[in-house]
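First the structure, in the form of structure tokens, and then the observations on it.
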Amino acid sequence: MTGAKIAIWDFDGTLGHHRYGTWAECLLEILDVQQPGHHWAFSEMFEALATGFPWHAAHEPHPHLTDPDAWWDHVTTVITSALTRLGVPHPQTAAAATRATYTDPGAWSLYPQTLRVLDLLTAQGWQHVLLSNHVPELPTLVAALGLDSRLQALINSAACGYEKPHPHAFRLARTSAGPAHQFVMIGDNREADAAGARRAGIDAIWVRRNRHTDTPDLDTAARLLQDFPPSRGQHPALHEVSPLGTTAPKALPIR
């Protein structure tokens, strides 16, 4: 059998995370600085930001947003509209601060298991591709976190114009890796990562997080990968891995 074994990883919520986890919390952090004592809460900010981002219309390619400034112009407009609907004073000022705040490398961290798991799997013959719905600055963030040297390729929706679960995003991940006899997608989003991969003929491990503060159990995912038989694209497998610190079974095959 020729070809490599390729682990296709999601980034945000799977290998790494923003210090406050979500776009809503990033905006609340900005408002804490710009408008101390504001009364907006996470729930209403989260709901206001639940539409308009490129990944909210993943079925539509967006080649017109592959320029970083064009991408941020679009997202800044989306955020300004959301803040306006909430009645936030000076919404343009808060929205304009989002790019620098969200893409600050110091605001991003890897989960404790990430580097150890990647290096263990590399030693066992796996190669790694990152496939993420993210901001244009993702390569800079990945480099700052020490991930870039561990990756065979990085496919970023903001650069290629395709959001998971669009099937072309998975095609790009497959072709970027070169010849391979096995592909497995690992991610925390059941629809974008797991279901999207399976529709593209790729086995999937869903590292579930019940809350955005949960930590994915990458050690269990790695153990599954070590024993994962290739599906040859027929009836791709799905395994569910519970978050760290839960009493649920660690790994369950899902038919």
Side-chain angles (χ1 to χ4, degrees), residues 10-14 16-109 130-142 144-145 154-166 168-169 187-189 191-193 196 209 211-213:
D10 173 54
F11 176 65
D12 192 2
T14 300
H17 60 97
H18 194 270
R19 63 185 165 214
Y20 292 122
T22 68
W23 286 87
E25 285 161 311
C26 178
L27 265 295
L28 290 173
E29 177 186 8
I30 292 169
L31 292 178
D32 287 343
V33 173
Q34 294 185 355
Q35 302 178 32
H38 69 82
H39 61 80
W40 286 278
F42 170 78
S43 58
E44 56 188 338
M45 187 66 69
F46 186 87
E47 182 177 355
L49 295 172
T51 60
F53 285 78
W55 42 82
H56 293 141
H59 60 287
E60 299 177 0
H62 50 81
H64 59 293
L65 298 181
T66 53
D67 174 78
D69 289 337
W71 193 96
W72 277 107
D73 284 347
H74 170 80
V75 168
T76 301
T77 299
V78 169
I79 294 171
T80 300
S81 297
L83 298 180
T84 300
R85 291 194 301 273
L86 286 175
V88 175
H90 313 295
Q92 297 92 340
T93 304
T98 307
R99 183 174 188 174
T101 303
Y102 195 80
T103 63
D104 174 13
W108 288 88
S109 302
L130 199 65
L131 175 62
S132 182
N133 296 347
H134 218 275
V135 301
E137 291 80 0
L138 179 61
T140 300
L141 300 175
V142 164
L145 294 169
L154 187 161
I155 309 300
N156 181 14
S157 64
C160 72
Y162 292 91
E163 307 283 336
K164 296 176 296 181
H166 195 289
H168 193 65
D188 71 306
N189 188 299
E191 173 57 27
D193 297 322
R209 294 190 306 137
R211 299 173 298 275
H212 69 271
T213 53

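From a predicted model like this one, the values you see are computed outputs, not experimental measurements.
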Legend entry - By ring pair (Phe, Tyr, Trp, His ring centres under 6.0 Å) - contacts of H166 (at least two apart): Y162
Legend entry - Pairing residues for A48 by the side-chain contact (heavy atoms from CB on, under 4.5 Å) criterion, not counting sequence neighbours: A82, L86
Legend entry - By side-chain contact (heavy atoms from CB on, under 4.5 Å) - contacts of A57 (at least two apart): H59, E60
Inset, instruction - Output every pair passing side chain to side chain donor-acceptor pair (under 3.5 Å) with a member in residues 71-98, not counting sequence neighbours, ordered by first then second residue. - result: W72-E137
Legend entry - Pairs involving residues 34-56, ordered by first then second residue, that meet side chain to side chain donor-acceptor pair (under 3.5 Å) (sequence neighbours left out): D32-H38
Inset, instruction - Rounded to the nearest 0.5 Å, what's the gap from CZ on F46 to OG1 on T22? Could you check? - result: 6.5 Å
Are side-chain heavy atoms of [X] and [Y] found at a separation under 4.5 Å?
X: V142; Y: L154; answer: yes
X: N133; Y: P54; answer: no
X: D188; Y: D193; answer: yes
X: S132; Y: L138; answer: yes

Legend entry - Nearest atoms (heavy-atom pairs only) where A144 meets P105: CB-CB, 3.9 Å
Inset, instruction - Search all heavy atoms of T101 against all heavy atoms of C26 and return the closest pair with its distance. - result: CG2-SG, 3.7 Å
Going by the rule side-chain hydrogen bond (donor to acceptor under 3.5 Å, both in side chains), which residues pair with [X] if we only count those two or more places apart in sequence or in a different chain?
X: H212; result: E25
X: E191; result: R199
X: D10; result: T14, K164
X: H62; result: E163

Inset, instruction - Determine the sole option in V75, I30, L141, V135 for which the side-chain contact (heavy atoms from CB on, under 4.5 Å) test with Y102 is passed. - result: V135
Inset, instruction - Have a look at F11 and tell me which of H134, H17, H18 forms a ring-ring contact (aromatic ring centres under 6.0 Å, His included) with it. - result: H134
Inset, instruction - Output yes when D104 and R99 qualify as a salt bridge under the 4.0 Å nitrogen-oxygen rule, no when they do not. - result: no
Legend entry - side-chain contact (heavy atoms from CB on, under 4.5 Å) assessment of C160 paired with T66: CA-CA 6 Å; C160 72; T66 53; 5.9 Å; no
Inset, instruction - Could you list the residues that satisfy salt bridge (charged side-chain N to carboxylate O under 4.0 Å, His left out) with R19, not counting sequence neighbours? - result: E29
Legend entry - Crowding at CZ, F53 (>12 non-hydrogen neighbours, <6.0 Å): yes
Inset, instruction - Evaluate the criterion side-chain contact (heavy atoms from CB on, under 4.5 Å) for residue pair I79 and L27; output intermediate values, then yes/no. - result: CA-CA 9 Å; I79 294 171; L27 265 295; 3.8 Å; yes
